[in-house]
Amino acid sequence: MPAHEGRDEIYAYNCYVNDVFQGRAPGQVIEIRASGCADGDAFRIDQALEWFGPVEWAAPRGRLLLRETRAIHVRQVERAYVIDVESRIDAADFDIDLGPTRHAWFNFRVAPSLSVEAGGVLVDQRGTHGNAAQIDGRARWIAACGPVGGGQFAGVAMAPRQDGPAWWWFVTDWGVVTASPCRDAAIKLPRGTGTSLGARFVVHDGPCDPAAIDRMLENG
């Protein structure tokens, strides 16, 4: 934020939860437009979103921080859905630093029955692992699989696109998997500039098959 005498000040916000989070005041993400249509063998959802800081002095609506355009492609393959997410973010009225934080950018959280604590397993490209501590922190992809009732199994996997900064994983035994491109250093977006981030998700029926997950994540 520009301040008195040509100086800058740093305002710390979060758009992660609706409360003050680790010292960061809560902002909000507002969808301003959404549409969907068939796109070949997929269904495409397009969204336009605006990220605001909290209501505060001199900003009765909150300060406009980011503009985001998001495209989501959903395809059905045998016993699975493949979901591609592309997110383009542009700094609006201010210079923005994203991070450093582990609470970004792509995430999934599984139902309790799929968590390690309830008998599920975590998987990366090397194979199946019994807990989060055994997962490769720079893995190409990570999945969680487990029982979903009636003797059936299912799972979800995620692979960030590897363009740009290295991705870092935050993985827990209770079912949270997050891929962050800004864990160790901030992504800096001067006003009017932007960047693109992407990930592929696979949601599948059946027990974990690392080779099949790898094929779907890498090649669709």
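As a basis for the values below, the full set of heavy atoms in this structure was taken, side chains included, without hydrogen atoms, waters or symmetry mates. The first residue of the sequence shown is numbered 1, and numbering continues consecutively from there. What you are looking at is a predicted structure, and each value in this text was computed from that prediction instead of being measured.
- In the displayed structure, Gln22 atom CD is contacted under 6.0 Å by more than 12 heavy atoms of other residues, nucleotides or ligands.
- By the 6.0 Å contact criterion, CG on Asn18 is open, its count of non-hydrogen atoms from other residues, nucleotides or ligands being 12 or less.
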How far apart are the C-alpha atoms of Asp84 and Arg200, what are their side-chain angles, what is the distance that settles it, and do they pass the salt bridge (charged side-chain N to carboxylate O under 4.0 Å, His left out) test?
CA-CA 4 Å; Asp84 289 302; Arg200 172 170 286 182; 2.6 Å; yes
With side chain to side chain donor-acceptor pair (under 3.5 Å) as the criterion, how do Trp141 and Asp214 come out once you've worked through the C-alpha distance, each side chain's angles and the decisive distance to 0.1 Å?
CA-CA 8 Å; Trp141 57 266; Asp214 191 80; 2.8 Å; yes
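- In Ile10, the CD1 atom is not crowded: 12 or fewer heavy atoms of neighbouring residues, nucleotides or ligands sit closer than 6.0 Å.
- Within a 6.0 Å sphere centred on CZ of Arg7, heavy atoms belonging to other residues, nucleotides or ligands number 12 at most.
- Atom OG1 of Thr101 and atom CG of Asp184 lie 11.5 Å apart (nearest 0.5 Å).
- Residues that satisfy the salt bridge (charged side-chain N to carboxylate O under 4.0 Å, His left out) test with Arg183, not counting sequence neighbours, are absent from this structure.
- Residues meeting the salt bridge (charged side-chain N to carboxylate O under 4.0 Å, His left out) test with Asp209, sequence neighbours left out: none.
- Residues Leu66 and Asp90 are not in side-chain contact: their nearest non-hydrogen atoms beyond the backbone lie 4.5 Å or more apart.
- A cation-pi arrangement is present between Arg102 and Phe170 under the rule of less than 6.0 angstrom and at most 45 degrees off the ring axis.
- Side chains of Glu117 and Trp174 form a contact here, defined as non-hydrogen atoms less than 4.5 Å apart.
- At least one side-chain heavy atom of Leu98 sits less than 4.5 Å from a side-chain heavy atom of Ile89.
- Closest of all the heavy-atom pairs between Pro160 and Trp169 is CD-CZ2, 3.5 Å.
- The shortest heavy-atom contact between Pro54 and Ala25 is CG-CB, 3.7 Å.
- Counting heavy atoms from C-beta outward, Trp167 and Leu197 have side chains that approach closer than 4.5 Å.
- Note: Phe108 CZ to Leu114 CG = 9.0 Å, rounded to the nearest 0.5 Å.
- At a cut-off of 3.5 Å, with distance as the only test, a side-chain donor of Glu68 or Ser87 sits close to an acceptor on the other residue.
- Of the possible donor and acceptor atoms, one in the side chain of Ser113 sits under 3.5 Å from a partner among the backbone N and O of Pro147.
- If you take CD on Gln134 and CG on Asn131, they are separated by 4.0 Å, rounding to the nearest 0.5 Å.
- For the pair Thr193/Arg191, no side-chain contact is recorded, criterion being any heavy-atom separation below 4.5 Å from C-beta on.
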Checking ring-ring contact (aromatic ring centres under 6.0 Å, His included) for the pair Phe21/His103: CA distance, chi angles, key distance, verdict?
CA-CA 11 Å; Phe21 184 75; His103 295 98; 4.8 Å; yes
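- Here the options are Val121, Val171, Asp124, Asp136, the test is side chain to side chain contact (heavy atoms under 4.5 Å, CB included), and the partner is His129; only Asp124 passes.
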What verdict does the salt bridge (charged side-chain N to carboxylate O under 4.0 Å, His left out) test give for Lys188 and Asp97, after you've listed the backbone C-alpha separation in whole Å, the side-chain angles of each residue and the deciding distance to 0.1 Å?
CA-CA 5 Å; Lys188 294 183 176 294; Asp97 286 359; 3.0 Å; yes
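- Atoms CD1 and CG, on Ile135 and Asp173 in that order, are 9.5 Å from each other to the nearest 0.5 Å.
- In this structure the side chain of Thr195 reaches within 4.5 angstrom of the side chain of Leu189, judged on heavy atoms.
- Nearest approach of Ala157 to Ile213, heavy atoms of both residues: CB-CG2, 3.7 Å.
- The two atoms that bring Cys208 and Val123 nearest to each other are SG-CG2, 3.3 Å, heavy atoms only.
- Side chain to side chain, Arg44 and His73 meet the donor-acceptor criterion of an N or O pair below 3.5 Å.
- Within 6.0 Å of CZ in Arg126 there are more than 12 heavy atoms belonging to other residues, nucleotides or ligands.
- We find the CG-OG distance between Leu122 and Ser115 to be 9.0 Å, quoted to the nearest 0.5 Å.
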Does Phe201 form a side-chain contact (heavy atoms from CB on, under 4.5 Å) with Val85? I'd like the steps, not just the answer.
CA-CA 8 Å; Phe201 296 79; Val85 182; 3.9 Å; yes
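- Summarising the geometry of Trp105 relative to Pro181, their closest heavy-atom pair is CB-CD, 3.7 Å, with the distance given to 0.1 Å.
- Put simply, the side chain of Phe94 reaches to within 4.5 Å of the side chain of Pro2, judged on heavy atoms.
- How far NE2 of His204 is from CZ of Arg79: 10.0 Å, rounded to the nearest 0.5 Å.
- Within the 4.5 Å cutoff, no side-chain heavy atoms of Phe106 are placed close to those of Thr178.
- Between Ile83 and Val203, the shortest heavy-atom distance links the atoms CD1-CG2, 4.3 Å.
- Sorted by first and then second residue, the salt bridge (charged side-chain N to carboxylate O under 4.0 Å, His left out) pairs involving residues 54-64 (not counting sequence neighbours) are Glu56-Arg63.
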